[in-house]
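This is a predicted model, so every value here is computed, not measured. First listed ligand is number 1; within each ligand, the first listed atom is number 1. All values below were derived from every heavy atom in this structure, side-chain atoms included, with hydrogens, water molecules and symmetry-related copies excluded.
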Amino acid sequence: MPRRKKLYEGKAKIIYQGPEPGTIVQYFKDDATAFNNKKKASIVGKGVINNLISEYLMNKISKIGVKTHFLRRLNIREQLVKKVEIIPVEVVVRNIAAGSISKRFAIEEGTKLPRSMVEYYYKDDNLGDPLISEEHITGFGWANINEIEEILNTSLIINDFLKDLFMGVGLKLIDFKIEFGRLYLGNKAEIILADEFSPDNCRLWDSKTNEKMDKDRFRRDLGNVASAYQEVANRLGIDLKKTHSYD
Ligand code: UDP
């Protein structure tokens, strides 16, 4: 098969033109970055694990009626997804305080939040992904009021579902970041879940020991990054030896 045309290279993924119109290929790299690109490393095997975890979770999420861009996994590092117009808003849902919310409001990490909280960040590396409000999103036209309401509701549904799913395998879903895109059907746009869902963009703590099983192992130099990701996959029942290619 001829090599596909590269459309974009991000920090953890490369996007290639898909084999059919309206599709793209997400290639999961082993590269890890943190602190707005200031910290970089390669974590051997991370891309393969994240490709499988994201496939698994996107399939689960679509079963509860949330539309996602995921079509199918192509091989160990690539998946075919629907091409969407990405909304430049990172949606963060939090159940337990950690990371930036702990710093911003001086809340000890691990403190249960009074309720699940949703935050929005403007997706712009040059600006360092600033925290924004709905007012900015609608005012600057990044999404309209109906779209943001759907994004909010869908994010909370995903959170409720995944919190339980992870709890079932002994993991606490502390927080996560997701992205949405528009899929145009004629002149109507549908909001669908895009990007990925993996330990690169969520926090997962072991239910009993509170051990971190996510990208904080890399951010905070805790070591054993790949083996923690592997453990998440194992607990979800994902067979990491799956190398079947549909190509
Ligand atoms: N997150 C992400 N990409 C970003 C920023 C955050 O995937 O550019 C995820 C992060 O992994 C965590 C959640 O969003 O699960 C909340 O991150 P936070 O705001 O606490 O920022 P951090 O402390 O990670 O810088």
Side-chain angles (χ1 to χ4, degrees), residues 8-13 26 28-41 43 46-47 49-51 53-54 57-58 61 69 86-113 115-133 136-137 142 151-152 154-156 158-163 165-167 171-181 193-206 210-222 225-226 228-229 232:
Y8 172 79
E9 179 153 4
K11 285 174 269 187
K13 293 191 289 295
Q26 294 196 132
F28 286 73
K29 300 194 284 184
D30 283 344
D31 297 355
T33 68
F35 312 118
N36 202 12
N37 245 337
K38 285 187 200 84
K39 179 172 180 160
K40 286 183 199 178
I43 295 157
K46 176 177 81 82
I49 304 171
N50 281 353
N51 185 23
I53 293 178
S54 199
L57 294 175
M58 287 283 179
I61 289 167
H69 72 159
I86 289 287
I87 293 168
V89 174
E90 301 195 336
V91 182
V92 169
V93 184
R94 302 180 185 273
N95 300 306
I96 292 172
S100 70
I101 199 171
S102 286
K103 278 206 203 87
R104 189 175 312 119
F105 301 113
I107 308 171
E108 195 183 341
E109 285 209 328
T111 308
K112 191 176 184 302
L113 294 167
R115 57 181 166 90
S116 299
M117 290 181 175
V118 179
E119 296 172 343
Y120 306 110
Y121 295 83
Y122 182 45
K123 205 170 139 60
D124 187 321
D125 283 342
N126 292 327
L127 300 174
D129 297 346
L131 180 68
I132 52 173
S133 70
H136 299 123
I137 297 173
W142 298 321
I151 286 170
L152 172 65
T154 306
S155 299
L156 288 170
I158 292 169
N159 181 50
D160 279 345
F161 173 67
L162 290 185
K163 230 176 16 175
L165 184 145
F166 281 116
M167 205 201 302
L171 293 168
K172 286 191 232 174
L173 179 61
I174 307 300
D175 57 31
F176 61 86
K177 185 270 293 181
I178 47 179
E179 295 179 22
F180 291 88
L193 181 65
D195 192 43
E196 66 174 284
F197 202 112
S198 75
D200 263 6
N201 38 53
C202 68
R203 286 192 169 95
L204 296 166
W205 295 0
D206 181 86
N210 279 340
E211 192 187 353
K212 297 180 193 340
M213 315 279 283
D214 54 64
K215 200 174 156 186
D216 272 347
R217 300 207 68 83
F218 166 69
R219 292 189 193 98
R220 303 179 187 193
D221 294 322
L222 300 173
V225 186
Y229 282 40
V232 171

Chemist: In order of chain and number, which residues sit within 4.0 Å of ligand 1 by heavy atom?
Modeler: Glu90, Val92, Arg94, Ala98, Gly99, Ser100, Tyr121, Asp129, Asp175, Phe176, Lys177, Asp200, Asn201, Cys202, Arg203, Arg219
Chemist: In terms of the angle between their ring planes, are Tyr122 and Trp142 parallel, tilted or perpendicular, with boundaries placed at 30° and 60°?
Modeler: parallel
Chemist: Taking side-chain hydrogen bond (donor to acceptor under 3.5 Å, both in side chains) as the definition, give me every residue that meets it alongside Lys172, ordered by chain and number, with sequence neighbours left out.
Modeler: Asn210
Chemist: Side-chain contact test, heavy atoms from C-beta onward, threshold under 4.5 Å: evaluate it for Met213 versus Leu171 and give yes or no.
Modeler: yes
Chemist: Answer yes or no: is there an ion pair linking Arg217 with Glu211, defined by an N-O contact shorter than 4.0 Å?
Modeler: yes
Chemist: Tell me every residue that passes side chain to side chain contact (heavy atoms under 4.5 Å, CB included) with Asp195, counting only those two or more places apart in sequence or in another chain.
Modeler: Lys13, Lys177, Glu179, Asn201
Chemist: Can you sort out the partners of Glu9 under side-chain hydrogen bond (donor to acceptor under 3.5 Å, both in side chains), two or more places apart, ordered by chain and number?
Modeler: Lys6, Lys29
